[in-house]
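These notes concern the structure reproduced below.
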Amino acid sequence: SAVISQKPSRDICQRGTSLTIQCQVDSQVTMMFWYRQQPGQSLTLIATANQGSEATYESGFVIDKFPISRPNLTFSTLTVSNMSPEDSSIYLCSVTGQGSTDTQYFGPGTRLTVL
Amino acid sequence: GENVEQHPSTLSVQEGDSAVIKCTYSDSASNYFPWYKQELGKRPQLIIDIRSNVGEKKDQRIAVTLNKTAKHFSLHITETQPEDSAVYFCAAGSSNYQLIWGAGTKLIIKP
């Protein structure tokens, strides 16, 4: 399966600032997704990152708050904008491989704390 | 909306015994059912998956069964070991490539 990396692995940010999280894959992938996971909770899909076009957001998530880019088939970014303590969470990217469009593999995650 | 219910939320079993986690899905178009294991502080990792044209799949101590009529699928772990302790998530997928996730089951293996 693909090797997926995320940067940063963790960060502590001040309220009102923004953080951009990067997801890099070592091979071209079909789909890329961004999730949020609160401690002890399940995974919540934020959006599907579409290559060369605007991301598809899930209910409750908007582009102004979580802008996403996907300039090519191996890289995506998620920005958490105008952060508040409620944004403190783990953010995970996932990808599906070239041979499959349904099996998802996850990056190591970014642990974000907003003070 | 579509959802996946997962039970139990916590499961404690004696080392060496079997563990069973059950999920029920609502979307009849679901055709892909993966199971993920997430250890504390780690990413979710795929441990086994099944597609709707198969009723059962095994991989060493792990098996998954699917009952399409009843819309439920289960994870079976036999001869449990301490390293099986983790949170397990089920999910259901359909043709739009997205997964609907269960709430998770914390599996505790007692020595």
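Lettering follows sequence order; numbering is per chain, from 1.
- Both the backbone and the side chain of B:L99 come within contact range of chain A, with heavy atoms under 4.5 Å apart.
- The closest donor-acceptor contact from the side chain of B:S85 to the backbone of B:I108 lies at 3.5 Å or more, if one exists at all.
- Residue with the most contacts toward chain B among A:S42, A:P39, A:S94: A:S42 (heavy-atom pairs, distance under 4.5 Å).
- Remark: A:R111 does not engage A:D11 in a salt bridge, criterion side-chain N to carboxylate O under 4.0 Å.
- In terms of heavy-atom pairs under 4.5 angstrom with chain A, the leader among B:Q6, B:Q98, B:K42, B:Q45 is B:Q98.
- Between the side chains of A:Y35 and B:W101, at least one donor-acceptor pair of N or O atoms lies under 3.5 Å.
- Of the possible donor and acceptor atoms, none in the side chain of A:T74 sits under 3.5 Å from a partner among the backbone N and O of A:D26.
- One finds a salt bridge joining A:D87 and A:K65 here, because a Lys/Arg side-chain nitrogen approaches an Asp/Glu carboxylate oxygen to under 4.0 Å.
- Of the atoms belonging to B:Q38, it is side-chain heavy atoms, and not backbone ones, that fall under 4.5 Å from chain A.
- With a 4.5 angstrom heavy-atom cutoff, A:L43 touches chain B via backbone and side-chain atoms both.
- For a residue to count as touching a neighbouring chain, one of its non-hydrogen atoms must lie under 4.5 Å from one of that chain's; by this rule B:P34 does not touch chain A.
- Heavy-atom distances place the side chain of A:E58, and not its backbone, under 4.5 Å from chain B.
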Checklist entry - How far apart are the C-alpha atoms of B:D17 and B:K110, what are their side-chain angles, what is the distance that settles it, and do they pass the salt bridge (charged side-chain N to carboxylate O under 4.0 Å, His left out) test? => result CA-CA 10 Å; B:D17 288 350; B:K110 297 181 290 185; over 6 Å; no

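- Neither the backbone nor the side chain of A:T44 comes within contact range of chain B; no heavy atom of the residue lies under 4.5 Å from a heavy atom of that chain.
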